[in-house]
S.K.: 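Here it is, the structure, as structure tokens.
Bear in mind the structure is a predicted one, so any value in this text is a computation, not a measurement. Basis for what follows: all heavy atoms, side chains included, without hydrogens, waters or symmetry-related copies. Along the sequence shown, the residues carry numbers beginning at 1. Read the numbers this way: they start at 1 and go in the same order the structure lists the ligands and their atoms.
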Amino acid sequence: MSEKTPKPEAEDRKPFAPDSEFAAMRRENADPDEKVQPLPWFFIMFLGAMGMWGAFYIASTPSGEASAYGDQRTVSTLRPPVAAAGAVAAVDGKQIYGAKCAACHQASGLGVSGVFPPLAGAEWVLGDEKVLVSILLHGVQGEIVVKGNTYKGVMPAFGTLPDAEIAAVLSYVRSDWGNQAPPITAATVQSQREATKGQVGAYNGGAALTALKP
Ligand code: HEC
């Protein structure tokens with residue numbers, strides 16, 4: 001009952017007989033009725049701002065990167081750059097190895113028989129540093145002999161890593177699992193990057209790598 005039955009002015013104040021229709025209307029409250037409650041203006045503005053921020057975030061987040069080897073960033077990429085001398089020391093070669101190489105060459109550096117060649121005691125790791133840097137910069141695809149066994153797989157290129165990270169991971173690889181070869185500096189990586197600028201795609205196996213030696 002949303003509309004009240006109009007009552008004459010005088011009738012209103014008159015006591016009614018307890019069983020009369022008007023007595024019941026005085027005794028009881030009117031039916032509750034739903035009111036429109038608009039959202040507070042600041043909440044609407046907050047929602048609008050969140051929506052706009054979401055659209056901006058989606059539009060500005062890069063999504064076109066190759067996903068073949070997962071997220072290529074390492075902790076040192078995300079870290080703000082440190083002063084030049086400190087930067088080399090801040091890069092942890094073992095950590096990069098765990099993130100980028102161990103899936104194939106294994107944490108033990110022994111590789112997987114017949115599929116991924118070993119790095120422990122491998123002549124390519126302990127030999128000419130320029131050849132080793134080139135392997136990382138451009139990758140290898142084709143026949144390569146490592147410790148007497150022939151492999152024919154695909155070693156991905158890691159040229160997108162900064163010089164300091166390539167130097168750090170190679171220095172690590174040259175010093176663990178009984179390997180004893182001098183570390184490789186970022187400067188060496190940088191000059192080899194310059195020298196092999198013309199290389200397109202991966203090196204064609206061990207023969208192409210041997211040809212790099214001076
Ligand atoms: C997707 C698997 C894969 C990943 C990841 C990978 N490699 Fe390799 N790597 C190979 C394969 C396969 C070969 C042999 C290439 C061939 O057969 O032509 C190879 C060859 C090599 C060689 C020369 C052969 C030898 O055993 O000495 C070195 C050095 C090397 N990789 C180092 C690394 C380092 C350092 C990393 C990490 C930054 C890495 N690789 C990551 C698969 C991989």
Side-chain angles (χ1 to χ4, degrees), residues 65-79 87-193 195-196 199-214:
E65 265 105 58
S67 57
Y69 301 109
D71 191 341
Q72 295 275 327
R73 291 173 302 176
T74 58
V75 174
S76 57
T77 319
L78 300 172
R79 223 174 253 156
V88 180
V91 181
D92 182 348
K94 184 169 185 173
Q95 193 204 338
I96 299 172
Y97 183 83
K100 309 262 179 212
C101 323
C104 296
H105 294 286
Q106 305 301 303
S108 61
L110 295 174
V112 174
S113 173
V115 189
F116 302 120
L119 300 182
E123 58 271 42
W124 300 101
V125 173
L126 302 172
D128 189 90
E129 59 177 16
K130 290 191 172 145
V131 174
L132 179 56
V133 169
S134 306
I135 291 175
L136 270 258
L137 286 174
H138 303 286
V140 194
Q141 185 166 2
E143 270 185 25
I144 184 170
V145 178
V146 185
K147 292 177 85 179
N149 296 313
T150 305
Y151 295 84
K152 198 166 187 253
V154 180
M155 159 77 192
F158 288 92
T160 52
L161 293 183
D163 297 340
E165 293 191 14
I166 292 181
V169 73
L170 289 182
S171 300
Y172 165 72
V173 158
R174 274 157 83 96
S175 65
D176 202 352
W177 318 302
N179 284 356
Q180 279 181 339
I184 289 177
T185 63
T188 307
V189 178
Q190 195 199 345
S191 68
Q192 192 62 10
R193 202 191 277 277
T196 60
Q199 175 67 28
V200 181
Y203 290 102
N204 186 10
L209 291 172
T210 314
L212 286 175
K213 281 187 202 167

S.K.: Any idea which of Met155, Glu143, Glu165 brings a heavy atom closest to atom 39 (C) of ligand 1?
M.R.: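 Nearest heavy atom to atom 39 (C) of ligand 1 lies in Met155.
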S.K.: Could a heavy atom of Pro118 be found less than 4.0 Å from some atom of ligand 1?
M.R.: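 Pro118: in contact with ligand 1 (<4.0 Å).
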S.K.: Which atoms from ligand 1 have a heavy atom of Leu132 less than 4.0 Å away?
M.R.: 29 (C)
S.K.: Can you tell me if Leu161 has a non-hydrogen atom under 4.0 Å from ligand 1?
M.R.: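 Leu161 does not count as a contact of ligand 1 under the 4.0 Å cut-off.
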S.K.: May I ask you to list the atoms of ligand 1 that are less than 4.0 angstrom from any heavy atom of Leu119?
M.R.: 25 (C), 26 (O), 27 (O), 28 (C), 29 (C), 30 (C), 32 (C)
S.K.: Heavy-atom contacts with Val146 under 4.0 Å: which atoms of ligand 1 show up? List them by number with element.
M.R.: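 Listed by number with element: 24 (C), 25 (C), 26 (O).
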S.K.: For Phe116, counting its heavy atoms only, list the atoms of ligand 1 lying under 4.0 Å from any of them.
M.R.: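 Listed by number with element: 2 (C), 12 (C), 42 (C).
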S.K.: Relative to the heavy atoms of Lys100, which atoms of ligand 1 are at a distance of less than 4.0 Å?
M.R.: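 Going through ligand 1 atom by atom, the ones under 4.0 Å from Lys100 are 5 (C), 37 (C), 41 (C).
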S.K.: Is Leu170 close to ligand 1, meaning an N/O of one under 3.5 Å from an N/O of the other?
M.R.: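 No, since none of the N or O atoms of Leu170 sits under 3.5 Å from an N or O of ligand 1.
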S.K.: I'd like to check which ligand 1 atoms, numbered from 1 as shown, lie under 4.0 Å from a non-hydrogen atom of Lys152.
M.R.: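 What qualifies from ligand 1 is 17 (O).
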S.K.: Between ligand 1 and Gly142, can you find any atom pair, the residue atom being a heavy atom, that is separated by under 4.0 Å?
M.R.: yes
S.K.: Please determine if Pro156 has a nitrogen or oxygen closer than 3.5 Å to a nitrogen or oxygen of ligand 1.
M.R.: no
S.K.: Check whether any N or O atom of His105, backbone or side chain, sits under 3.5 Å from an N or O atom of ligand 1, and answer yes or no.
M.R.: yes
S.K.: Which atoms of ligand 1 are found less than 4.0 Å from any heavy atom of Ile144?
M.R.: 14 (C), 15 (C), 16 (C), 17 (O), 18 (O)
S.K.: Give a yes or no on whether the ring-centroid distance for Tyr97 and Trp177 is below 6.0 angstrom.
M.R.: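 Yes, the ring of Tyr97 comes within the 6.0 Å limit of the ring of Trp177, centre to centre.
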S.K.: Out of all atoms in ligand 1, which are within 4.0 Å of some heavy atom of Tyr151? Include the element for each.
M.R.: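 Those of ligand 1 that fall under 4.0 Å from Tyr151 are 17 (O).
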S.K.: Just let me know how Val115 lines up against ligand 1, side chain, backbone, both or neither, with a heavy-atom cut-off below 4.0 Å.
M.R.: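 Backbone only.
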